[in-house]
Amino acid sequence: MNWAVATYDSAFGYVSAHGAPLIDLLDPQQGERVIDLGCGTGTFSAEIAARGATVLGIDGSREMIAQAASIHPSLSFAVGDAHDFTVAEPYDAVASNAALHWMTRDPDAVIAQAHAALRPGGRFIAEMGGAGNCAELITAMQTAWRVFGLAEPELPWYFPTPAEYATRLEEGGFTVRLLEFFDRPTRMSEGPNGAADWVRLFAPEALADVPPEIAEPLLDRINVLAAPALRRESGWVADYVRLRFAAIRKPNGSGPLLEPGSAVAETSWPGGAPTAALDPI
Ligand SMILES: C[S@@+](CC[C@H](N)C(=O)[O-])C[C@H]1O[C@@H](n2cnc3c(N)ncnc32)[C@H](O)[C@@H]1O
């Protein structure tokens, strides 16, 4: 996924702004060590640091990390895949805002990595898209693709039900202490072209497969299709559904059951610093 980093904060800052309640669930303490997984441009990482914790922001996108490092020069960031990172010293918490649903390759591997990065009793606190997230937007996309005679777009998200994700967490060695699943209609404050802008920003790879001469009419059609459900007099509202959880890493000996041969990758961060595998910036 290539992110439109320059417009990410300005046009769709609401993705970050809605992380606000999550910080209270995380409740970072002075001196704690916290990983912000899928940190993007580092807005949530900065909130964590502002509470006195030491934060390491990890993101799979080099561009996001470069932006995060330039906006927050005093914080630590590293490029790394959430499916595939290790740390030399255990952390007190792994936090993640609006990112786990982008990590589609193997959700269990992401949970296993969070588990491996935590001390026993450490917390895994996150908010992500849940089942039904953006259903109107996605239906409008799929319908428009069909109307223009195109094969259905491949969608880059994983939106689990609460039961499914809780099971994964428990099987991954966590005790689930809180799990919330709720609608969060979200104003697309600075995306004037509504659903079309949303698709441009969040599904550029699906759009890249569309013949260029069809792209604009297809986006117009998405707006027409999505408008009855999502357009208000005051502007466009995205039909977000969120899953938010707080889970505690069980004591040693009750970790995730890995299949033979599925051990996590062997990168390490000597002295707590990211290694070349994580490409520190
Ligand atoms: C919607 S953004 C959220 C960013 C940030 N947490 C925020 O609240 O604004 C999702 C982020 O997840 C990152 N991401 C997606 N897949 C990833 C992966 N496998 N490993 C690490 N980061 C990933 C993306 O690069 C992107 O920065």
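Quick caveat: nothing in here was measured; it's all calculated off a predicted structure. Ligands are counted one by one from 1 in listed order, and the atoms in each one are counted from 1 as well. Position 1 is the first residue of the sequence; numbering continues from there.
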Ligand-residue contact atoms, ligand 1 with [X], heavy atoms, under 4.0 Å:
{"X": "Ala98", "result": "1 (C), 2 (S), 3 (C), 10 (C)"}
{"X": "Asp81", "result": "18 (C), 19 (N), 20 (N)"}
{"X": "Gly80", "result": "20 (N), 21 (C)"}

Next on the checklist: Evaluate Phe159 against His101 for ring-ring contact (aromatic ring centres under 6.0 Å, His included), listing each step before the verdict.
Outcome noted: CA-CA 6 Å; Phe159 297 136; His101 54 270; 5.5 Å; yes
Checklist entry - Is Arg62 reaching over with its side chain to a backbone N or O of Asp59, donor-acceptor style, under 3.5 angstrom? => result no
Checklist entry - Where does the angle between the aromatic ring planes of Trp102 and Trp157 fall among parallel (under 30°), tilted (30 to 60°) and perpendicular (over 60°)? => result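 Perpendicular, since the angle between the ring planes exceeds 60°.
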Item to check | With sequence neighbours excluded, residues passing salt bridge (Lys or Arg N to Asp or Glu O under 4.0 Å) with Glu32 | outcome: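 Listed in chain order: Arg123.
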Next on the checklist: According to salt bridge (Lys or Arg N to Asp or Glu O under 4.0 Å), who are the partners of Arg146, at least two apart in sequence or on a separate chain?
Outcome noted: Glu152
Using distance alone, decide if ligand 1 has a nitrogen or oxygen within less than 3.5 Å of any nitrogen or oxygen in [X].
{"X": "Phe44", "answer": "no"}
{"X": "Gly38", "answer": "yes"}
{"X": "Phe202", "answer": "no"}
{"X": "Asp59", "answer": "yes"}

Checklist entry - Given the side-chain rings of Phe245 and Phe124, with only the six-membered ring counted for Trp, is the space between their centroids under 6.0 Å? => result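 Distance test on ring centres: under 6.0 Å, yes.
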Next on the checklist: Just to be sure I read this right, does ligand 1 sit under 4.0 Å from the backbone of His83, its side chain, both, or neither, counting only heavy atoms?
Outcome noted: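 For His83, only side-chain atoms sit under 4.0 Å from ligand 1.
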Checklist entry - Is it the side chain, the backbone, both or neither of Cys39 that has a heavy atom closer than 4.0 Å to ligand 1? => result backbone
Checklist entry - Where the closest heavy atom to atom 6 (N) of ligand 1 is concerned, which of Asn97, Leu100, Ile65 has it? => result Asn97
Item to check | Option with minimal heavy-atom separation from atom 18 (C) of ligand 1, where the choices are Met103, His101, Glu63, Gln67 | outcome: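 Going through Met103, His101, Glu63, Gln67 one by one, Met103 has the nearest heavy atom to atom 18 (C) of ligand 1.
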Checklist outcome for this item: Correct closest heavy-atom pair for Ala166 and Val176 would be O-CG2, 4.1 Å
Checklist entry - Are Arg33 and Tyr91 in a cation-pi contact, defined as NZ or CZ under 6.0 Å from the six-membered ring centre and within 45° of the axis? => result yes
